[in-house]
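Reading through the structure tokens given below for one structure.
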Amino acid sequence: MTLTAPQAPAPPRAAPPPRPGTARRAWRTVSPYAYLAPFFTLFAAFGLFPLLYTAFVSLYRVELQNPGDMEWRGLGNYTALLGDEYFWVALRNTFTIGVLSTVPQLVMALGLAHLLNYRMRGRTFLRTAVLLPYATSVAAATLVFAQLFGRDFGLINYGLGLVGIDPVDWQNDTAASQIAVSTVVIWRWTGYNALIYLAGMQSIPDELYEAAAMDGASRWRQFFHVTLPGLRPTILFTVIVSTIGATQLFGEPLLLEGSISGGISHQYQTLGLYMYEQGWGFFHLGRAAAIAWVMFLLIVVLVGLNALIARRRSRKEAGR
């Protein structure tokens with residue numbers, strides 16, 4: 001006869017967790033869209049609707065004195081722009097001022113960020129100080145530079161006179177006035193782009209610099225072969241943002257002399273000033289809307305070209 005121990009009763013199974021109710025499951029599905037709804041609502045009201053309405057208005061003859069009286073023109077406002085010589089002058093000025101302000105600005109910002117990336121005393125203060133021009137009002141900055149670039153009593157001409165250079169008419173000469181406008185843009189945005197580059201430099205691994213130093217690379221070689229390749233996405237971002245800003249340039253040329261025509265001979269009138277002149281100077285809202293859409297399409301083309309060039313270059317380097 002064999003005796004067996006009594007088996008212990010099996011532990012009771014844990015009850016399955018209660019399934020969430022229908023309302024909770026529905027909220028889990030809808031909640032991401034509910035969190036995003038305020039942004040898309042504001043974007044539709046203040047971004048998408050004005051864009052589409054501007055495209056609608058650009059197809060009509062609309063005057064500021066009587067905006068309710070609209071006359072269908074189709075593409076007439078656009079063809080009128082192509083036949084207006086001042087439109088081409090504004091387009092050329094926008095491109096010239098954009099190049100004069102963007103290229104030196106980004107080069108200086110890159111060098112400034114490279115210096116701020118080193119360990120030095122007071123670097124936190126310096127990093128904050130380079131952002132002060134960006135925080136300054138565009139009106140205040142431009143008015144100060146307008147005094148500096150004054151023809152008769154400006155400090156710039158006074159300094160040029162000390163070295164034997166004749167005074168420059170910064171507001172009436174074409175090249176000089178565009179340089180003056182570009183100087184204001186460079187002063188305001190160099191520090192902003194420098195901090196963006198500095199953030200990109202700090203994301204580059206230190207091991208790359210250590211390996212380059214062990215191979216005998218100098219600081220210049222490290223900059224060209226380690227820093228610049230690591231900053232390529234950041235540089236592309238700043239180029240795109242600067243291109244958009246240069247296309248929409250308005251405050252600096254407007255306040256340099258206080259004229260919406262951009263000087264006596266429109267020598268520094270940008271597309272933004274030209275649009276303002278047509279809409280609020282000559283009261284042609286339909287033509288101003290057409291200029292706004294031309295600027296939008298120009299930005300799309302320039303940004304697309306920048307992205308295409310960057311993509312082709314990255315493919316070439318990946319194929320090496």
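In this structure, Ile264 places its CD1 atom where only 12 or fewer heavy-atom neighbours from other residues, nucleotides or ligands lie under 6.0 Å away. For Trp72, the CH2 atom counts as densely surrounded, since its 6.0 Å shell holds more than 12 non-hydrogen atoms of other residues, nucleotides or ligands. No more than 12 heavy atoms of other residues, nucleotides or ligands shown are found within 6.0 angstrom of CD on Gln147. Atom CE of Met108 has 12 or fewer neighbouring heavy atoms from other residues, nucleotides or ligands inside a 6.0 Å radius. Within a 6.0 Å radius of CZ in Phe95, no more than 12 heavy atoms belonging to other residues, nucleotides or ligands are found. At most 12 heavy atoms of other shown residues, nucleotides or ligands fall within 6.0 angstrom of atom OH in Tyr276.
Between Leu298 and Leu91 there is a side-chain heavy-atom pair separated by less than 4.5 Å. The side-chain heavy atoms of Leu112 and Asn193, taken from C-beta on, include no pair separated by under 4.5 Å. Here the side chains of Thr102 and Ile186 are not in contact, with every heavy-atom distance at 4.5 Å or above. Counting heavy atoms from C-beta on, the side chains of Leu100 and Thr96 come closer than 4.5 Å. Taking the side chain as every heavy atom from C-beta outward, Met201 and Leu110 approach each other to under 4.5 Å. Side-chain contact between Arg151 and Gln171 is absent, with no heavy-atom pair separated by less than 4.5 Å. The shortest side-chain heavy-atom distance between Glu277 and Ser261 falls under the 4.5 Å cut-off. Put simply, the side chain of Phe40 does not reach to within 4.5 Å of the side chain of Tyr33, judged on heavy atoms.
Between the side chain of Gln278 and the backbone N or O of Tyr274, no donor-acceptor pair lies under 3.5 Å. Counting only distance, with no hydrogens or angles, the side chain of Asp84 and the backbone of Tyr86 share a donor-acceptor pair below 3.5 Å. Not a single donor-acceptor pair under 3.5 Å links the side chain of Asp173 to the backbone N or O of Asp169. Not a single donor-acceptor pair under 3.5 Å links the side chain of Thr94 to the backbone N or O of Thr247. No donor-acceptor pair closer than 3.5 Å links the side chain of Arg188 to the backbone N or O of Ala141. A donor-acceptor distance shorter than 3.5 angstrom exists from the side chain of Ser203 to the backbone of Gly200, with no hydrogens or angles considered. Not a single donor-acceptor pair under 3.5 Å links the side chain of Thr227 to the backbone N or O of Phe224. Formation of a donor-acceptor pair under 3.5 Å by the Trp189 side chain with backbone atoms of Gly245 is not found in this model. Proximity of a side-chain donor or acceptor of Thr142 to a complementary backbone N or O of Leu256 within less than 3.5 Å is not detected. Looking at Trp88, its side chain does come within 3.5 Å of a backbone N or O of Leu82 through a donor-acceptor pair.
Rounding to the nearest 0.5 Å places CG of Asn306 at 6.5 Å from CG of Leu236. How far CZ of Arg232 is from CD1 of Ile235: 8.0 Å, rounded to the nearest 0.5 Å. To the nearest 0.5 Å, atoms OG1 (Thr41) and CZ (Phe46) are separated by 10.5 Å. Taking CG from Asp215 and NE2 from His225, the interatomic distance works out to 11.5 Å, rounded to the nearest 0.5 Å. Atom OG1 of residue Thr54 and atom CG of residue Leu59 lie 11.0 Å apart, to the nearest 0.5 angstrom. Rounded to the nearest 0.5 Å, atoms CZ (Arg73) and OG (Ser58) are 11.0 Å apart.
With sequence neighbours left out, the salt bridge (Lys or Arg N to Asp or Glu O under 4.0 Å) criterion links Glu71 to Arg61.
Leu271 and Phe296 fall within a single hydrophobic cluster, where Ile, Leu, Val, Met, Phe, Trp and Tyr side chains are chained together by heavy-atom contacts under 4.5 Å. In this structure, Met275 is a member of the same hydrophobic cluster as Phe283, with clusters built from ILVMFWY side-chain heavy atoms closer than 4.5 Å. Taking hydrophobic clusters as Ile, Leu, Val, Met, Phe, Trp and Tyr residues chained together by side-chain heavy-atom distances below 4.5 Å, Leu116 shares a cluster with Leu131. Tyr134 and Val138 are assigned to two separate hydrophobic clusters, defined by single-linkage of ILVMFWY side chains at heavy-atom distances under 4.5 Å. At a threshold of 4.5 Å between side-chain heavy atoms, the hydrophobic network of Ile, Leu, Val, Met, Phe, Trp and Tyr places Leu48 and Phe56 in two separate groups.
Residues Leu208 and Ile204 share a closest heavy-atom pair of CD1-CG2, 4.0 Å. For Tyr60 against Asn77, the heavy-atom pair with the smallest separation is O-ND2, 2.9 Å. Here the closest heavy-atom approach between residue Arg28 and residue Pro32 is recorded as O-CD, 3.5 Å. Heavy atoms only, all atoms of each residue included: Ser242 and Leu106 are closest at OG-CD2, 3.8 Å. Scanning both residues, Ile196 and Phe237, for their nearest heavy atoms gives CD1-CE2, 4.0 Å. The shortest heavy-atom contact between Leu285 and Gly279 is CD2-O, 3.8 Å.
Of the residues listed (Val181, Leu155, Val144, Ile156), the one engaging Phe149 in a side-chain contact (heavy atoms from CB on, under 4.5 Å) is Ile156, and it is the only one.
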Worksheet item: Between Thr243 and Ile299, does a side chain to side chain contact (heavy atoms under 4.5 Å, CB included) hold up when you go through it step by step?
Response: CA-CA 8 Å; Thr243 301; Ile299 291 174; over 6 Å; no

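Between the side chains of Tyr197 and Thr238, at least one donor-acceptor pair of N or O atoms lies under 3.5 Å. Between Gln178 and Asn93, the side chains place a donor N or O and an acceptor N or O closer than 3.5 Å (distance only, hydrogens not considered). Looking at Tyr268 and Thr174, their side chains never bring a donor and an acceptor atom within 3.5 Å of each other. Side chain to side chain, Ser265 and Gln267 meet the donor-acceptor criterion of an N or O pair below 3.5 Å.
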